[in-house]
**Q** 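The structure under discussion is supplied below as structure tokens; questions concerning it will follow.
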Amino acid sequence: MTIRSILVANRGEIAVRIIRAARALGIRTVQVHSAADADMLAVKLADAAVDIGSPAPKKSYLNIAAVVDAAKAAGVDAVHPGYGFLSENADFADAVEAAGMVFIGPKGDAIRLLGDKVAAREVAAKAGVPTVPGSAGRLSTIEEARAVAERTGFPIMIKAAAGGGGRGIRIAADLADLERHFPQASAEALAAFGDGGLYLEKVITRARHVEVQILGDGQDFIHCFERECSLQRRRQKVWEEAPSFLLPADVRARLCDSAVALARAVGYRGAGTVEYLYDEATREFYFIEVNTRIQVEHPVTEMITGIDLVEEMIRIAGGAPLSIRQAHVAAEGHAIECRINAEDPARGFMPAPGTITKLVVPEGEGIRFDTMLYEGYTIPPFYDSLVGKLVVWAETREACLARLKGALEGLAIEGIPTTIPLHLALAADDSVRRGAFDTRFLEHWLETEFAARAGATAEVA
């Protein structure tokens, strides 16, 4: 393995996670940071740090030239992009490689191919992976969109061909909706990703969001089973589990095999995630997209398999073959991850940056807290509100939920409001405990069940 030093081209909890994985491998780390992040935990943990610009992401974490120049000046062997920011930017991957360093992830060509959701759908279909009925390629005009909608029927989803994170997406219930939302989605996609291309997919009612973790070294490819990610707010995941607890064994086998087939079709290198919609009523699944990076929710997979995905990414990038074969990948027990955000759920999830006056992290068997926090740290207002991920594991889902409740009650983050109350309410909810939810469940639950709880708490106070 040729990598001896890594530049971490990210911030927050994922930067801390990468540094700790590198340290376990005996690798030196250099942390980039904006002017607003000079005192973040990752800077304190890294062997060295480099200021790459002002707080605005476009002038720091999204500035390819600044990051590559910092890596060259630091003399590192490789760059790890984490998730978000430049992690799925093919030009960045190319720039790192052109500068004589290793990009810890797929090659730029693979990112470019799989990052274009229309092209990825075509690759998936050729690999025998089921895709959601919809447009065969990019749509340039509303006339083309009307023709697809007439063929597939309504409701239909308008989606950006590039990017992710729920941006550039609209749902059209009828032709009038389609004509109104199509230009809006295109404009949003253009602003967010520099690409206004769109495609259409039929809406799968009562769908679950299930994704498969893959690893590949360009020659061998494996899956590390699947994750259940259906609890979402505004198409952003809030709570994730592994494995997907209601997935029949035969469906699981087909689902995971299809993800490996797709990885093999593109000669995938590194860690990635193949995302699907699962129709519980028909037991059918449909390809959505590939994320060519480490995912926020990767810890739940690590907890059930014992595989350190970030370490494996680094080894693969350094030229080592996969250290594990498919026959040796086993899923044991159940894991749940709660995303802890600096937001106030009682005030419409308003972001709430501020200073951490007290931090108490629960300890014990099967409990993990990946975080960027420490007492006295002031969260800057310029970035994503995710501050940590509470992950628990137990032998069964029922036991996992019980352990999660205790861990949430034992996690104290004072000085700012957080989403801990939301997760406590979800852990106690009967539908969540029974697994009776889909991708539309959480937003309705927030408007009804959680709003009622918050109102009752306010009256008591």
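One-based numbering along the sequence shown. Side chains are part of it too, since the values below use all heavy atoms of this structure and drop only hydrogens, waters and symmetry mates. Please read all numbers here as calculations on a predicted model, not as lab measurements.
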**Q** Does Arg264 count as lying over the ring of Phe221, i.e. NZ or CZ under 6.0 Å from the six-ring centre, within 45 degrees of the axis?
**A**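 No.
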**Q** If you measure from OG on Ser323 to CG on Leu215, what distance do you get to the nearest 0.5 Å?
**A**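 One gets 8.5 Å once the value is rounded to the nearest 0.5 Å.
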**Q** Would you name the heavy atoms of Leu404 and Ala427 that are closest together and state the gap between them?
**A**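 Where Leu404 meets Ala427 most closely, the heavy atoms are CD2-CB, 4.3 Å.
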**Q** So do the side chains of Val212 and Glu275 get within less than 4.5 Å of each other, counting heavy atoms only?
**A**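 Val212 does not reach Glu275 side chain to side chain.
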**Q** Rounded to the nearest 0.5 Å, how far does CZ of Arg11 lie from CD of Gln31?
**A**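 One gets 9.5 Å once the value is rounded to the nearest 0.5 Å.
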**Q** Is it true that Glu228 and Ser230 share a donor-acceptor pair across their side chains at a distance under 3.5 Å?
**A**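 Glu228 and Ser230 do have a side-chain donor-acceptor pair below 3.5 Å.
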**Q** Go through it in stages, so that I can follow the logic: the residues are Arg227 and Thr301, the test is side chain to side chain donor-acceptor pair (under 3.5 Å), and I'd like the CA-CA distance, side-chain angles, deciding distance and then a yes or no.
**A** CA-CA 7 Å; Arg227 298 183 286 254; Thr301 294; 2.8 Å; yes
**Q** Could you tell me the separation between the CZ atom of Arg440 and the CD1 atom of Ile171, rounded to the nearest 0.5 Å?
**A**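 So the gap between those two atoms works out to 5.5 Å.
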**Q** When you measure from the centre of the six-membered ring of Phe437, is the NZ or CZ of Arg208 under 6.0 Å away and within 45° of the axis?
**A**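 Flagged: Arg208 positioned over aromatic ring of Phe437.
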**Q** Counting distance only, does the side-chain N/O of Asp195 pair as donor-acceptor with the main-chain N or O of Leu190 below 3.5 Å?
**A**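 Side chain of Asp195 to backbone of Leu190, a donor-acceptor pair under 3.5 Å: no, none is there.
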**Q** Does NZ or CZ of Arg233 fall inside the cone over Phe349's six-membered ring, less than 6.0 Å from its centre and within 45° of the axis?
**A**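 Cation-pi check for Arg233 and Phe349: passes.
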**Q** Give me the one residue out of Glu240, Glu297, Glu13 that meets salt bridge (Lys or Arg N to Asp or Glu O under 4.0 Å) with Lys389.
**A**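 It is Glu13; the other options fail the test.
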**Q** So that I know where these two stand, are Phe85 and Phe92 an aromatic pair - ring centroids less than 6.0 Å apart?
**A**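 Ring centres of Phe92 and Phe85 not closer than 6.0 Å.
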**Q** By ring pair (Phe, Tyr, Trp, His ring centres under 6.0 Å), which residues pair with Tyr278, not counting sequence neighbours?
**A**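 For Tyr278 there are no ring pair (Phe, Tyr, Trp, His ring centres under 6.0 Å) partners, ignoring immediate neighbours.
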